[in-house]
Amino acid sequence: MTTPSSAKRKKITVINADDNESIRARIEFTIKPLMFADAPEIEVVTLPGGPKLMETQENIDSVAAPLTKYIGTKPDTDVFIVACYADPGLAEARKAATGRKVFGINQSGMNTALALGDKVGVISISDAAVKRHLKYYESLGIMNRIAGERAMNIDLGDAANSMDPTVALDPKVVADRMVEVAKELISDGADVIVLGEGGMSPARDLLQAAIGIPVVDPTAAAVGMAIVAATEFPLPPQPAK
């Protein structure tokens, strides 16, 4: 993959849909290994006007308006990523992006997992999130590939309050519980695991080593897809008005 030295560097904007700096910091920490000098520029931003946490359907539904407004302020961005596992406002964002690519981390994570295994298991934060996600998988037509989704049932507010992105959801509390839930999903038939919340990302390598099957971080999956989209499938030149 070669790019003329005179070509403008492509840009990817990763949008943390929660108005929460600690979550933004964890997202940035997670994708740092994908930030190369000769790759597209990647910025991680917090959505102005987004909900503090993504705990209810009302929170999710409230994202579309500020998200589309924000996309309209970013004419220099080539590809957008909505970095929330619920993929809030994704359809509206794609319309607002005027032909530019927009990736949701749920769809990106699931597509990656479906390429790595036959049956996908998802680790979620809460039982309420599980119900929303299963409905979403059904709308995507992939329920026959889902072994199951199980919740850790950890308080999302406590999880989001650490400003240290290396801590994520507090490894002492979370690591053992993540392994427990992953093993339950393996018993359900899963041969690949997806992390159903961005705060779990720094624990991915530890979990994968503990359970011996692929563990997909959906934000990293989306960034990988966005890099390919920005470099290999650029927006065609717009006709002169």
Just wondering, do [Y] and [X] contact through their side chains at under 4.5 Å, heavy atoms?
X      : Y      : value
Ile123 : Val194 : no
Val120 : Val122 : yes
Leu195 : Pro218 : yes
Met110 : Leu140 : no
Arg24  : Asn20  : no
Glu41  : Lys10  : no
Tyr70  : Thr13  : yes
Ile193 : Ile211 : yes

Before giving the answer on side chain to side chain donor-acceptor pair (under 3.5 Å), spell out for Thr68 and Glu92 the whole-Å C-alpha distance, their side-chain angles and the decisive distance to 0.1 Å. CA-CA 7 Å; Thr68 55; Glu92 294 88 346; over 6 Å; no
Using modelled atom types and a 3.5 Å cut-off, is there a donor and acceptor pairing between side-chain atoms of Asp191 and backbone atoms of Gly117? no
Looking just at side-chain N and O atoms, do Tyr136 and Asp87 make a donor-acceptor pair shorter than 3.5 Å? yes
Is it true that the side chains of Thr56 and Asn59 contain a donor and an acceptor less than 3.5 Å apart? yes
Could you measure the distance from the CG atom of Asn144 to the CD atom of Glu138? Nearest 0.5 Å is fine. 11.5 Å
